[in-house]
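To keep things clear, I will list the structure first and then write my remarks on it.
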Number of protein chains: 2
Amino acid sequence: MASQHYQKIAAHIREAINNGQLNTGDELPSEAELCEQFGSSRGPVRQAMMLLRTEGMISTGRGRRSTVLARSESGSFDSSVSITAWLRAHGQQPGQETLLLARQPADEVTAGHLRLEPGTHVITLRRLRTADGTPLALETIFFPVDIGRHILDLDTDRDSVYTHLAQRDITVDNLTRCVSATIATPEQAEILGSAVGDPLLRVRKAASDQYGQLISYSDDFFVSENLTLSLNAVRGTPSPARFTPLE
Amino acid sequence: MASQHYQKIAAHIREAINNGQLNTGDELPSEAELCEQFGSSRGPVRQAMMLLRTEGMISTGRGRRSTVLARSESGSFDSSVSITAWLRAHGQQPGQETLLLARQPADEVTAGHLRLEPGTHVITLRRLRTADGTPLALETIFFPVDIGRHILDLDTDRDSVYTHLAQRDITVDNLTRCVSATIATPEQAEILGSAVGDPLLRVRKAASDQYGQLISYSDDFFVSENLTLSLNAVRGTPSPARFTPLE
């Protein structure tokens with residue numbers, strides 16, 4: 001599908017923000033200047049501004065110049081699914097060391113997340129993930145057997161699980177993540193090379209295909225100091241991030 | 001602005017998901033059934049499904065029934081800005097105990113976030129926040145003086161800062177949050193009534209108005225077990241949540 005003119009204008013400005021030509025707090029050129037720069041009428045320029053505003057990248061105010069609020073990232077969906085894709089997108093070398101690959105009965109929590117009966121067999125893959133050789137996360141992925149059987153012949157110390165599944169037409173289309181703070185247990189600390197009690201960012205992910213069929217449920221513990229999570233929100237735009245207080 | 005027909009259909013289904021009539025994994029009625037239910041042609045029903053898909057609430061697959069993926073939450077922007085609004089939206093009683101309200105020179109980090117010179121005076125408000133009487137978070141908000149002067153006459157043990165500012169036409173329009181995991185220092189543990197070393201979810205927020213002018217920068221530490229953060233992502237839809245590995 002060919003991009004519309006306003007999408008090209010938005011892509012150009014997005015790129016300028018992401019590569020640091022424009023920084024947070026900087027003013028964008030005026031509407032008239034943007035029209036001249038892109039050989040465009042006002043309509044597409046305004047549409048481009050609205051798109052970037054919805055993405056939380058810029059502010060738009062009547063009569064004032066738009067200013068840069070935050071950077072974005074392209075290709076973020078695959079980066080959200082796969083740690084390998086995520087690290088590569090950031091120019092880092094992904095690494096993995098398989099600690100467990102097994103077919104086991106699911107405990108109650110895991111079964112619940114995969115919408116299976118407790119005790120149903122699942123394929124469990126546990127790996128130490130590294131970035132440029134530094135321990136990053138302890139990753140545990142649970143698959144229903146009909147999905148997980150595809151990775152039993154995979155070199156899980158070398159290859160990306162989700163790339164391998166995609167080659168078998170199993171593609172993640174929806175992702176629900178739950179983020180919380182925990183501290184390293186002795187076992188986790190030993191694997192991650194950190195201290196017992198160090199803060200870890202726990203990310204639980206349920207991945208499903210376009211039909212809503214669950215592909216995997218994973219429970220990952222990241223060394224907190226080795227990553228940041230940022231969220232943008234804009235008034236009037238639905239936000240897929242939500243905090244819920246426990247009752 | 002009057003809602004379009006597809007928006008009404010989407011709102012109706014969203015409500016059924018949010019109030020639990022429809023649960024995660026449930027199939028939605030067929031397109032034909034939805035057309036009959038809403039007295040609609042196929043166009044608006046399909047548009048409604050696309051909207052809910054973009055919000056990460058349902059899956060849509062060719063030839064298959066749509067299924068429910070996750071709940072959403074209305075009014076989430078004000079809930080993102082104000083802890084008071086957030087707790088009320090979840091039916092909990094917000095409480096606050098002011099620990100500090102002062103005009104002080106900003107340290108380098110705070111000044112940087114507010115785009116001020118280090119040493120510039122800022123208004124600092126630090127409060128223990130509670131939910132239904134239980135300690136929830138240690139909140140510290142920094143305001144530029146021309147904004148913060150408005151809260152010097154506020155009863156910060158009773159009232160919402162952001163409601164008070166909105167009454168003075170200072171309205172948050174954009175929010176950038178950074179989430180990480182930390183552990184409680186002795187001072188934080190004493191205030192929160194938790195143990196030293198307990199996991200805390202740290203949320204740093206920069207709030208700006210529609211012109212990109214900074215209204216506040218805050219640094220909040222939540223008792224991790226008292227809240228969850230969930231993120232939805234859908235292939236083909238830009239996500240305002242992003243994880244970044246540190247270099």
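To find a chain, count down the sequence lines: A is the first, B the second, and so on, and within it residues start at 1.
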_Residue part contacting chain A, namely of B:Thr134, when any heavy atom lies under 4.5 Å_ = neither
Donor-acceptor check, side chain of [X] to backbone of [Y], threshold 3.5 angstrom: yes or no?
X: A:Lys205; Y: A:Tyr217; result: no
X: B:Trp86; Y: A:Phe243; result: yes
X: A:Asp209; Y: A:Gly212; result: yes

*When rounded to the nearest 0.5 angstrom, what is the spacing between CG in B:Leu69 and CZ in B:Arg53?*
9.0 Å
*What is the distance from atom CD1 of A:Ile170 to atom CD1 of A:Ile215, rounded to the nearest 0.5 Å?*
6.5 Å
Contact part of [X] toward chain B, heavy-atom cut-off under 4.5 Å: side chain, backbone, both or neither?
X: A:Leu214; value: neither
X: A:Glu27; value: neither
X: A:Ile183; value: both

*Below 4.0 angstrom, N of the basic side chain to O of the carboxylate: do B:Asp220 and B:Arg202 qualify?*
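No.
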Among [options], which residue has the highest count of heavy-atom pairs closer than 4.5 Å to chain B?
options: A:Asp173, A:Thr176, A:Leu201, A:Thr67; result: A:Asp173
options: A:Asn174, A:Thr24, A:Thr171; result: A:Asn174
options: A:Cys178, A:Gly197, A:Ser208; result: A:Cys178

*asked:* If you count heavy atoms of other groups shown closer than 6.0 angstrom to CD of A:Gln167, is the number above 12?
replied: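 More than 12 within 6.0 Å, yes.
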*For chain A, which of B:Arg115, B:Arg177, B:Glu225 has the most heavy-atom pairs under 4.5 Å?*
B:Arg177
*Report the option among B:Leu87, B:Ile58, B:Asp132, B:Val172 that has the most heavy-atom pairs separated by less than 4.5 Å from atoms of chain A.*
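The residue among B:Leu87, B:Ile58, B:Asp132, B:Val172 with the greatest pair count is B:Val172.
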